[in-house]
A.B. asks: 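Here's a structure for you.
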Amino acid sequence: MHKIFTLALLLIITSATNAQFKKGNKVLGFGLSFNNQTNSGSIYSPANASTFQGLSTSLSLSMAKATSETRLNGFFISSSYGKNKNDYLNSNVNDSYNESYSHHAGYFIRKYKSIVNKFYVFGEGAANVGYARQNIYYNPSSSNRQTNVYTGISVYPGIAYKWNDRFLFEIRFADFANIYFQYGESVNNPGDKSINRSASFGTSLGLGYFNNIGIGARWIIK
């Protein structure tokens, strides 16, 4: 149902052609995204039942130029922080605590379409490079550190509301599709090191799609 709703937002586009920008406008964007998740229990393996709690958030800034009345081309930077915890009911399985950090930058193209009054849907394609680090701590004393450098492309949908000639408020949903290439290193106590290289194609469509959204605003500089 969630997938159908989101796809419908992109497909229900009327013939309205209200101007979103003036060609040549500079547009400053800033945003906040968050993802909160809690899972518990294990149907298939009660002996390994656990409670998972996770929270992540990110901040982003972008600068773009309107190349037409409905299109933006620009650059962005963002940083994120996340943490989660696994508590196992089985005392023979170690609990774990995880902290992660990431930074990335890239180039994006965004296209808007009017749907009704001051509301718009948009699609965004983005290419980015980034660095991520994750520290995992296992009780009582072991740990693992993972670092990754990656590059990829992704496609996102969203909804925008034009409050006035200067400001837009936006909700961006999780990606429809993404392709990533990644180089990573993993270091375990007391110093074992492994290297991995990978390529992946994926999507965030699924039952938890609306758990991962971004809220932002854009300031149109005349």
Side-chain angles (χ1 to χ4, degrees), residues 1-21 25-38 54-82 102-128 130 152-178 180 202-221:
M1 184 65 182
H2 288 161
K3 288 189 285 186
I4 294 173
F5 173 76
T6 306
L7 289 170
L9 289 176
L10 294 181
L11 296 175
I12 303 175
I13 297 173
T14 70
S15 59
T17 57
N18 296 337
Q20 180 79 334
F21 309 103
N25 279 160
K26 303 297 190 299
V27 182
L28 177 64
F30 50 95
L32 169 69
S33 67
F34 56 89
N35 185 11
N36 187 21
Q37 184 178 3
T38 300
L55 174 66
S56 63
T57 183
S58 69
L59 294 171
S60 63
L61 292 173
S62 67
M63 175 59 76
K65 181 178 180 180
T67 56
S68 73
E69 294 180 342
T70 59
R71 177 173 167 173
L72 293 179
N73 290 41
F75 297 89
F76 66 90
I77 58 173
S78 70
S79 294
S80 66
Y81 169 77
S102 68
H103 310 281
H104 66 279
Y107 179 80
F108 71 93
I109 299 173
R110 178 177 286 195
K111 181 74 173 180
Y112 292 82
K113 289 290 185 180
S114 174
I115 48 174
V116 62
N117 199 6
K118 296 183 178 182
F119 287 92
Y120 298 78
V121 292
F122 64 80
E124 177 182 312
N128 67 86
I153 58 176
S154 51
V155 179
Y156 302 88
I159 303 173
Y161 174 74
K162 192 172 185 180
W163 186 39
N164 56 33
D165 289 341
R166 291 283 188 175
F167 287 97
L168 293 90
F169 295 101
E170 300 177 340
I171 296 177
R172 193 185 78 172
F173 301 111
D175 52 68
F176 268 154
N178 61 70
Y180 278 94
T203 177
S204 295
L205 293 176
L207 294 177
Y209 186 65
F210 288 99
N211 289 337
N212 191 356
I213 64 174
I215 300 173
R218 293 189 183 273
W219 176 34
I220 302 172
I221 306 171

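All values below come from the heavy atoms of this structure, side chains included, with hydrogens, waters and symmetry mates left out.
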A.B. asks: Any chance you could lay out the side-chain contact (heavy atoms from CB on, under 4.5 Å) test for F108 and E124, step after step, and finish with the verdict?
C.D. replies: CA-CA 7 Å; F108 71 93; E124 177 182 312; 4.0 Å; yes
A.B. asks: Can you confirm whether R71 sits close enough to I109 that some side-chain heavy atom of one is under 4.5 Å from a side-chain heavy atom of the other?
C.D. replies: yes
A.B. asks: Under the side-chain hydrogen bond (donor to acceptor under 3.5 Å, both in side chains) rule, what do K111 and T70 come out as? Steps first, then yes or no, please.
C.D. replies: CA-CA 6 Å; K111 181 74 173 180; T70 59; 2.9 Å; yes
A.B. asks: Assign the ring pair F169 / F167 to parallel, tilted or perpendicular, where the plane angle (0 to 90°) is split at 30° and 60°.
C.D. replies: parallel
A.B. asks: Indicate the ring-plane relationship of Y120 and Y112, choosing parallel, tilted or perpendicular according to the 30° and 60° boundaries.
C.D. replies: perpendicular
A.B. asks: For a quick test of reading the model, state the closest non-hydrogen atom pair linking N73 to T67 and the distance between them.
C.D. replies: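 Nearest pair, atom of N73 first, then T67: OD1-OG1, 3.5 Å.
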A.B. asks: Locate the shortest heavy-atom distance separating F122 from I171; write the atom from each residue and the value.
C.D. replies: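 Heavy-atom minimum between the residues: CZ-O, 3.9 Å.
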A.B. asks: Between R166 (side chain) and W219 (backbone), is there a donor-acceptor pair under 3.5 Å?
C.D. replies: no
A.B. asks: For Y156, check ring-ring contact (aromatic ring centres under 6.0 Å, His included) against everything at least two apart and list the hits.
C.D. replies: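 Result, ring-ring contact (aromatic ring centres under 6.0 Å, His included) vs Y156: none returned.
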A.B. asks: Indicate yes or no: at least one non-hydrogen side-chain atom of Y81 is less than 4.5 angstrom from one of L55.
C.D. replies: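 No - every pair of side-chain heavy atoms lies 4.5 Å or more apart.
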A.B. asks: Enter the distance from L61:CG to I77:CD1 here, rounded to the nearest 0.5 Å.
C.D. replies: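 It is 5.5 Å, given to the nearest 0.5 Å.
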A.B. asks: For S62 and R218, work out which heavy atoms get closest and say how close.
C.D. replies: OG-NH1, 3.0 Å
A.B. asks: Any heavy-atom pair between the side chains of L32 and T57 that's under 4.5 Å?
C.D. replies: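 When only atoms from C-beta onward are counted, L32 and T57 do touch, with a gap below 4.5 Å.
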A.B. asks: Starting from the C-alpha separation in whole Å, work towards a yes-or-no answer on side-chain contact (heavy atoms from CB on, under 4.5 Å) for I220 and L168.
C.D. replies: CA-CA 8 Å; I220 302 172; L168 293 90; 3.4 Å; yes
A.B. asks: For the pair R110 and E170, evaluate salt bridge (Lys or Arg N to Asp or Glu O under 4.0 Å) and give the outcome as yes or no after the intermediate values.
C.D. replies: CA-CA 12 Å; R110 178 177 286 195; E170 300 177 340; 2.6 Å; yes
A.B. asks: Are any of the side-chain heavy atoms of W163 and K118 separated by less than 4.5 Å?
C.D. replies: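 With C-beta onward as the side chain, the pair stays apart.
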A.B. asks: Within the 3.5 Å criterion, strictly below it, is a donor on S58 or S78 matched to an acceptor on the partner's side chain?
C.D. replies: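 No.
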A.B. asks: With a 4.5 Å heavy-atom cut-off, do F76 and H104 have their side chains touching?
C.D. replies: yes
A.B. asks: Return the CG to CG distance between N25 and L72, rounded to the nearest 0.5 Å.
C.D. replies: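 With rounding to 0.5 Å, CG (N25) is 9.0 Å from CG (L72).
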A.B. asks: Flag the pair F173 / I159 as yes when at least one side-chain heavy-atom distance between them is below 4.5 Å, and no otherwise.
C.D. replies: yes
A.B. asks: How many angstroms lie between atom NZ of K113 and atom CD1 of I115, to the nearest 0.5 angstrom?
C.D. replies: 13.0 Å
A.B. asks: Centroid separation under 6.0 Å, is that true for the rings of Y161 and F119?
C.D. replies: yes
A.B. asks: Going by atom types only, do N128 and Y107 share a side-chain donor-acceptor pair under 3.5 Å?
C.D. replies: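 No - no donor-acceptor pair under 3.5 Å links their side chains.
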